[in-house]
S.K.: 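Below are the structure tokens for one structure; questions will follow.
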Amino acid sequence: MTAEQHEPPGGHVIVCGLHDVGMRVVEQLHTAGETVIVVDDSPDPRLLRTLDSWGLTYLPASGRRESTLTEAGIDTAGAIVCAAPGDLDNLEIALLARRLRPDLRVVVQLSNQAVGRAVERVTGPGSVLDVASLAAPTFAEACLDVRERPVEIGGEAFVVQELTVDSAGTLRVLFGDIAPIAVIPADGSDMHVCPGRDLAVVPGDRVVVIGTADDLEHRRLNAHSELALPPRRPRRRYLYALTTTWRYARGFASEADRSFRLTLAALLSVAVVSIVLLRVGYHGINGRHMHVLDAVYFTTETLTTVGFGDFYFANQSGWLRIWAIVLMVVGATIVTILYALLTNLLVSRRIAQSLGRQLATRMANHVILVGLGAVGMRVLEALVTAGQQVVVLERDENNRYLADARALDVPVVIGDSTQAANLDAVNLHQARAVAVLTSSDLANIETGLAVDDLLGERRTEVPVVLRVFDRQLAHTIETSFNFRHVRSTAALAAPWFVGAALGLDILHTFYVDQQPMLIGRLTVAESGGLRGQTMLELSARIRVIAIRRAISRLGSEQGTLEYPPRRDTRFEGGDQAYLVGPYAELLQVLRRDHRAI
């Protein structure tokens, strides 16, 4: 639908950029019932067809022009989201929008953090977002199978934790006032989102709760926590040294070509024959035969042309002197060839090591990161910060992030991730997790299937995290191939953009099983639809974690954080409510509060 067919309604959201993130933002705004006008002069044609099916207004023009933003109704818009693929486009659109409407809520996607900080001083705090930085923590958590996530709520330290139930009972009995977010039944039935406290659970069920660290420690009587990072077993130094030496020798031998091995075998054969002949035929001054150790020493001395003079062939029999001639000529030739091949191997090995291949073959219990783009680099930084060993497998030898990865002392292997030989080169069989984060859905799926095939029996132990944009495709892969960690950077980042555009502060995003969950802060409007409502009147899939009151009540000090809130608590204008639940439900709560304004 074009702008000529649809006049800007006022209070709408302008989205500039119809690509990955922009499309997710438009989708979530449309689902929440918001009016959206999309601006893009070079959209993805497939996404444009979807946009048309929703009946949304689309302007095929550049958002960097004042006339385009005017036509999109910037004078009456409630917010503008700059989600074009390039930072320069987003920067220009944001500054233009700020100049045209100084009071307009502006949300900008910028991958350059330094530029983002500068722009934020113009567009306001929290207005600049980076998709890679927003999505990276979720990918890193999936790699490490994190079950505990710290989050700050109202200045207080809270923890989102997954617990496995040890004994039967209701959530109220097992966890008291600690808020349950989800229950994942052990029998494989559907997950309960934000269940009531009277829901009965049985041993083996997994319960995700949120509370303060003290509360969780106090109630950890009938459940146990599966820690994010299991402690590593201490290894004895000598055992580690032997293991490392063996891996190094094995890797060295595997890199030696056939000519090197044949030359070495020839040299050893000549040396063995020489040792035997010297032991049998060489007679010393006292007439005794040469000792084996002396024969080894004399052979080595002759082959390396050192010639200390402590042994010589002058007084030996004729046949032994003839053998000495053969030994010196043939042996010296073989040694020279061997030195040349060895030098070539060491130089090649050094080059390979600088590219990370040799280091990768010696790694164990590490994370393999496939695809070093903006998202991959942020995930790499998160994993390194968490103290994990990581090896990168990247196809493009001219990738601009390679220097940054090597600066973190992370080995990088250049190769096609769909090839078994390259996956073996990064020691897949001893990895603890694999993150496939290239920008191509097809490459990620092919790599994921190749990894799954090579892991064999370990496929249930090793998390394989896939980045897939298309939501329907992601669901198909999950159900068809039993992948547990299929994620979309756009889907993970979009709630932050929508929240910033509509006034919902997103504090944290995470997955519970296959369900994305968010923690957000909502400031209740003075004349909004939530004012005077109780928590019981919210969606059953929304949990109110805490409330910070705008004014004192019942003797409490102004600004006190009420945790846990009572079920009959009523919202008042200016209150800050901290909510957790699926994103669609959070948007409905936000829209409900705006409805009566």
S.K.: CG of L88 to CG of N112: how many Å apart, nearest 0.5 Å?
M.R.: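 So the CG of L88 and the CG of N112 are separated by 11.5 Å.
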S.K.: Give a yes or no on whether a salt bridge exists between D404 and R406, defined as a side-chain N under 4.0 angstrom from a carboxylate O.
M.R.: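 No salt bridge links D404 with R406.
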S.K.: Between the side chain of D44 and the main-chain N/O of R46, is any donor-acceptor distance below 3.5 Å?
M.R.: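 Such a contact is found between D44 side chain and R46 backbone.
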S.K.: Please step through side chain to side chain contact (heavy atoms under 4.5 Å, CB included) for the pair L522 and L530, ending with a clear verdict.
M.R.: CA-CA 10 Å; L522 170 65; L530 287 182; 3.4 Å; yes
S.K.: Considering non-hydrogen atoms only, spot the tightest contact between T68 and A61 and give its length.
M.R.: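 What the structure gives for the nearest pair is OG1-CB, 3.5 Å.
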S.K.: Of all the heavy-atom pairs spanning V146 and E148, show the shortest one and how long it is.
M.R.: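 Heavy-atom minimum between the residues: CG1-O, 3.0 Å.
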S.K.: What are the two closest non-hydrogen atoms of A433 and C143, and how far apart are they?
M.R.: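 Looking at all heavy atoms of both residues, the closest pair is CB-O, 3.2 Å.
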S.K.: Taking NZ, NE, NH1 and NH2 as the nitrogens, is one of them in R549 or E562 under 4.0 Å from a carboxylate oxygen of the other?
M.R.: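 Salt bridge: yes.
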S.K.: Okay, side chain of H366, backbone of V426: is any donor-acceptor separation there less than 3.5 Å?
M.R.: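 Answer holds: yes.
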S.K.: Mind running side chain to side chain contact (heavy atoms under 4.5 Å, CB included) on L369 and L437 for me, showing each step along the way?
M.R.: CA-CA 7 Å; L369 193 152; L437 307 176; 4.2 Å; yes
S.K.: Does any N or O in the side chain of R543 come within less than 3.5 Å of the main-chain N or O of P180, such that one atom is a donor and the other an acceptor?
M.R.: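 Pair found, side chain donor or acceptor close to backbone of P180.
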S.K.: Hey, are the side chains of C16 and V38 touching, using non-hydrogen atoms and a 4.5 Å cut-off?
M.R.: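 The answer is no; the side chains never approach within 4.5 Å.
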S.K.: Do the non-hydrogen side-chain atoms of I542 and L586 ever get within less than 4.5 Å of each other?
M.R.: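 Yes - at least one pair of side-chain heavy atoms lies under 4.5 Å apart.
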S.K.: Once rounded to the nearest 0.5 Å, what's the spacing between atom CD of E71 and atom OG1 of T57?
M.R.: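 If I round to the nearest 0.5 Å, the distance is 10.5 Å.
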S.K.: Would you please say whether a donor-acceptor pair under 3.5 Å links the side chains of S133 and R378?
M.R.: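 Result is yes, a qualifying pair exists.
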S.K.: For L144 versus A386, what's the shortest heavy-atom pair and its separation?
M.R.: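 So the minimum-distance heavy-atom pair works out to CD1-CB, 4.1 Å.
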S.K.: Counting only N and O atoms by type, is there a donor-acceptor contact under 3.5 Å from the side chain of R24 to the main-chain atoms of A490?
M.R.: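 Side chain of R24 to backbone of A490, a donor-acceptor pair under 3.5 Å: no, none is there.
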S.K.: For a 4.5 angstrom cut-off between non-hydrogen side-chain atoms, does V512 reach I184?
M.R.: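 Answer yes - side chains close enough.
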S.K.: Taking the side chain as every heavy atom from C-beta outward, state whether E572 and R531 have any atom pair closer than 4.5 Å.
M.R.: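 Yes, their side chains come closer than 4.5 Å.
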S.K.: Looking at R65, I want to see if its CZ is surrounded by more than 12 non-hydrogen atoms of other residues, nucleotides or ligands under 6.0 Å.
M.R.: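 Open.
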S.K.: Check whether D89 reaches the backbone of A84 with its side chain - one donor and one acceptor, N or O, closer than 3.5 Å.
M.R.: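 Answer holds: no.
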S.K.: Out of curiosity, L449 CG to D452 CG, how far, rounded to the nearest 0.5 Å?
M.R.: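 The CG atom of L449 sits 7.0 Å away from the CG atom of D452.
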S.K.: CG/L492 to CZ/R467 distance, rounded to the nearest 0.5 angstrom?
M.R.: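 One gets 10.5 Å once the value is rounded to the nearest 0.5 Å.
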S.K.: Okay, side chain of E120, backbone of G126: is any donor-acceptor separation there less than 3.5 Å?
M.R.: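 Confirmed, E120 side chain pairs with G126 backbone.
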S.K.: Are L402 and N399 side-chain neighbours, meaning at least one heavy-atom pair lies under 4.5 Å?
M.R.: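 Yes, side chains in contact.
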S.K.: Drop me the distance from L393's CG to L423's CG, to the nearest 0.5 angstrom.
M.R.: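 Rounded to the nearest 0.5 Å, the CG-CG separation comes out at 6.5 Å.
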S.K.: Give a yes-or-no answer on whether the side chains of N444 and T438 include a donor-acceptor pair shorter than 3.5 Å.
M.R.: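 Result is yes, a qualifying pair exists.
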S.K.: Do you know which two heavy atoms are closest between R98 and V106, and how far apart they sit?
M.R.: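 That closest heavy-atom pairing would be NH2-CG2, 3.9 Å.
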S.K.: Is there a donor-acceptor contact under 3.5 Å from the side chain of T569 to the main chain of P565?
M.R.: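 Answer holds: no.
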S.K.: Assess R487 against F139: is NZ or CZ under 6.0 Å from the centre of the six-membered ring, and within 45 degrees of the ring's axis?
M.R.: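 Judged by the rule (NZ or CZ under 6.0 Å from the ring centre, within 45° of its axis), R487 is not positioned above F139.
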S.K.: Please tell me if the side chains of P582 and V193 come closer than 4.5 Å, counting only heavy atoms from C-beta onward.
M.R.: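 Sidechains of V193 and P582: in contact.
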S.K.: Would a 4.5 Å heavy-atom cut-off, applied to side chains only, mark L372 and L380 as touching?
M.R.: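 With C-beta onward as the side chain, the pair touches.
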S.K.: Between the main-chain N or O of E446 and the side-chain N or O of T418, is there a donor-acceptor pair closer than 3.5 Å?
M.R.: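 No, the answer is negative, given that no donor and acceptor are paired below the 3.5 Å cut-off.
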S.K.: Going by an N to O cut-off under 4.0 Å, is there a salt bridge joining R149 and E141?
M.R.: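 Yes, charged N to carboxylate O under 4.0 Å.
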S.K.: Is there a side chain to side chain contact (heavy atoms under 4.5 Å, CB included) between V391 and V410 once you walk through the steps?
M.R.: CA-CA 6 Å; V391 58; V410 173; 5.6 Å; no
S.K.: Do the rings of W54 and H30 sit parallel, tilted or perpendicular, given the 30° and 60° boundaries?
M.R.: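 The rings of W54 and H30 lie parallel, inter-plane angle below 30°.
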S.K.: Side chain to side chain contact (heavy atoms under 4.5 Å, CB included) for V21 and M23? Distances and angles first, verdict last.
M.R.: CA-CA 5 Å; V21 178; M23 184 61 187; over 6 Å; no
S.K.: A94 and T123: which non-hydrogen atoms are nearest, and at how many Å?
M.R.: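 In this case the closest contact between A94 and T123 is CB-CG2, 4.5 Å.
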S.K.: Looking at side-chain heavy atoms only, is the closest gap between Q109 and D130 below 4.5 Å?
M.R.: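 They are in side-chain contact.
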S.K.: Got a second to check how far L56's CG is from L51's CG, nearest 0.5 Å?
M.R.: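 Answer for the CG-CG pair, L56 versus L51, is 5.0 Å.
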S.K.: Is a side-chain N or O of D40 found less than 3.5 angstrom from the main chain of L18, in a donor-acceptor match?
M.R.: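 Yes; judged by distance alone, with no hydrogens or angles, the pair exists.
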S.K.: Counting N and O atoms only, with roles assigned by atom type, does the side chain of R548 sit under 3.5 Å from a partner on the main chain of G154, one being a donor and the other an acceptor?
M.R.: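 Between the backbone of G154 and the side chain of R548 there is a qualifying donor-acceptor contact (under 3.5 Å).
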S.K.: Quick check: Y578 with Y563 (ring centres under 6.0 Å apart)?
M.R.: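 No: the rings miss the under 6.0 Å criterion.
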